[in-house]
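Single-structure report; data block below.
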Amino acid sequence: MKDADEPGSAKKHKPNFHHSFPAHGSQSSPRGNTFDALRKAKQALPIFPARRTLINQIRRLASAIVIGETGSGKTTQIPQYLLESEVNKGSIIAITQPRRVAAITVAQRVAQEMGSTAGGIVGYCVRFEDVTAPNTKLKFMTDGMLLREAILDPNLTRYSIVMLDEAHERTIHTDVLFGVVKAAQRHRLKTGQPQLKIVVMSATMDVDHFSKYFNNAPVLYLEGRQFPIQVMHVKEPQSDYLFASLVTLFQIHKEAPAGEDVLIFLTGQEEIDSAVRSILDLSRDLNDCPKLQVFPLYAALPSHEQIKVFNKTLPGHRKVVVATNIAETSITIHGIKYVIDSGMVKAKVYHPLSGLDLLKVVTASRAQVLQRTGRAGREAPGICYRLFTEAQFKAMDVNTVPEIQRCNLASVVLQLMAMGISNVLSFDFMNKPAPESINAALEELVLLGALERQPDSEMLKLTPVGKQMAAFPLDPRFSKVILLAKDFGCLEEVLSIVSILSVDSVLLNSSKKRLQAGQAHEKFKSSEGDHIMLLNIYRAYKQVNGNKSWCYENYIVARNMNTAQQVRRQLREICVRQQMEISSCGRETTAIRRCLAVGLFMNAAELSKDGEFMTLTTRKQVSIHPSSCLFQNKPACVVYTELVKTSKTYMRTLSVVDPDWLMEAAPAYFRRKRASAIT
DNA sequence: CTCTCCCT
């Protein structure tokens, strides 16, 4: 399961190279036949003729934008070109990727092309894995990792060139990095330090915008190759995209020969599971058609289920994959001839004024729709059926709203403050978040004690607590819970809970096995709420030393539990480094809920007289998510970890708290909010 | 009466 963007690209265009071009190549005889074949393959890439121009331009420029489609070879080749021609002047070139798998596989690929393995001249650095050496010159890393480094060294002095790849994805990390590298470049120029070159690499989107932002940096275009794809829109708007997707699938299925596979984009787990069931039901009555192999695909699916989509379609069969946007970029499935696109996506939306940060189904952007369409033409010409009209397509936003404009910014603002950027409102963002969002984040950080107003001025500055909080790779609310836990003597327990909250759900919940899973989870449940339940799971897991069959029997996702353990180890190390005493509360779990109440005071809800829950300050009606262990209960007051909007607005992962704890946590906040709610 | 996707 890897992002097959660059590493396998030559295979697609030059099928005759297939055998000499193993994606995860052997490490045998780097100077032998494999190496020769690799060199030939490198020269056959569409980027190769542009080599001289690219080197000369980037040598001359402080900043450059490189536009190239998938398969142009930009990610693997440009770093090598710059190194070979010593544009980096002996120091390190950083190349960022939005995803871990991409950083790792691209580094391995490039190392192999250079006749070595990752961990030498070519290395990578992602969370939990630093595969670099003192002599590393090409350092592939996640954008989040470079951002963390920037807290310690805002001028990125170790690097001569920073390349931001997949910039069109506009992850929150890449967006913050835009501003950070731009400021570092300017500062280094002003103080006579060696130049910092910036290379932004992107697919065809937002080109002028990128260029303008980076002081009118020239745009270098690379030839990309994609097979032609025929695009079909529906004639009339569809009221039910789920139904429309089934109709379209069976139309294709009746006409197309076996072996031509279909990829359907829907929005979420429940929807996908139900679509898969419907497809299987409907296909049972069909004669004289190929047989169907239907696979759901979403991140929460156990990996052994995910891997099934890669299996070769059986002879005389047709593969149908029903996926979330995980199949847009993260996972590439071979053999897809048809794409059916609902035009919908589940996305985070944030309302700074109400502080509501939730997940809901929205219309996709044109950029997303184009990306989905492209999935039909990876290996041969394809067809894309869009379940929306051409007019609807034209009415879609051209680009996905950058993540930074859709999220709670508390974490980003704290990181910027920790880098010494004191006026975040005037920070040079490529797309500015709403001032309300930044102000809401500032207010939250003040209430959490991370920032304080300077006497005689409106300026906010980082407090020692804020500095400590910024050291944790966590949402500030949870960093705060950890700091509190030290004082409340329950740090061991809180580390376990926060670690599990940092990873995808450890409770298995496929709709198929929901009943059995529910019964297995019964013994972990707590009347205190889900956080204590997570602690119970962690304790039980430790008791059996993370035994895999125990996980299986208890419907616990071993993969996520394992990641949680790694997170815990990292958080614990940070605590030790900060000389925090690692204490345990044993059975006295009340202390844990007190810490959670203080950290999550902005996410509180109370039971009103009519039996519904209302958020404490914004007075929005919310419900307990059916997956919560408090679903059957009616506690008077709770704090929740997040909101999800589907048929209702649901609170997910909650704990029972005493309202007095909340008032103590932020008296001014509640007094003010109450007042404004009444007027 | 049910949980987009990534990342430190």
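Note on naming: letters A, B, ... go to the chains in the order of the sequence lines (proteins, then strands), and numbering restarts at 1 for each one.
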Worksheet item: Applying salt bridge (Lys or Arg N to Asp or Glu O under 4.0 Å), which residue pairs with at least one partner in residues 138-147 of chain A are found, sequence neighbours left out?
Response: K139(A)-E149(A)

Discussion item. Can you measure Y640(A) atom OH to dT2(B) atom C1' for me and round it to whole angstrom units?
Written reply: 18 Å

Worksheet item: Sequence neighbours excluded, which residues qualify as ring pair (Phe, Tyr, Trp, His ring centres under 6.0 Å) partners of Y555(A)?
Response: none

Worksheet item: Which letters describe nucleotides 3-8 of chain B, given B = protein heavy atom under 4.0 Å from base, S = only from sugar-phosphate, - = neither?
Response: BBSSBB

Worksheet entry | Contacts of F178(A) that satisfy ring pair (Phe, Tyr, Trp, His ring centres under 6.0 Å) - sequence neighbours left out | F210(A), F214(A)

Discussion item. Please enumerate all residues that pass ring pair (Phe, Tyr, Trp, His ring centres under 6.0 Å) together with F295(A), with sequence neighbours excluded.
Written reply: none

Worksheet item: Got a sec, which pairs hit side-chain hydrogen bond (donor to acceptor under 3.5 Å, both in side chains) with one end in residues 522-535 of chain A, sequence neighbours left out?
Response: K523(A)-N554(A), E528(A)-T589(A), E528(A)-R593(A), D530(A)-S628(A), H531(A)-T641(A), H531(A)-S655(A)

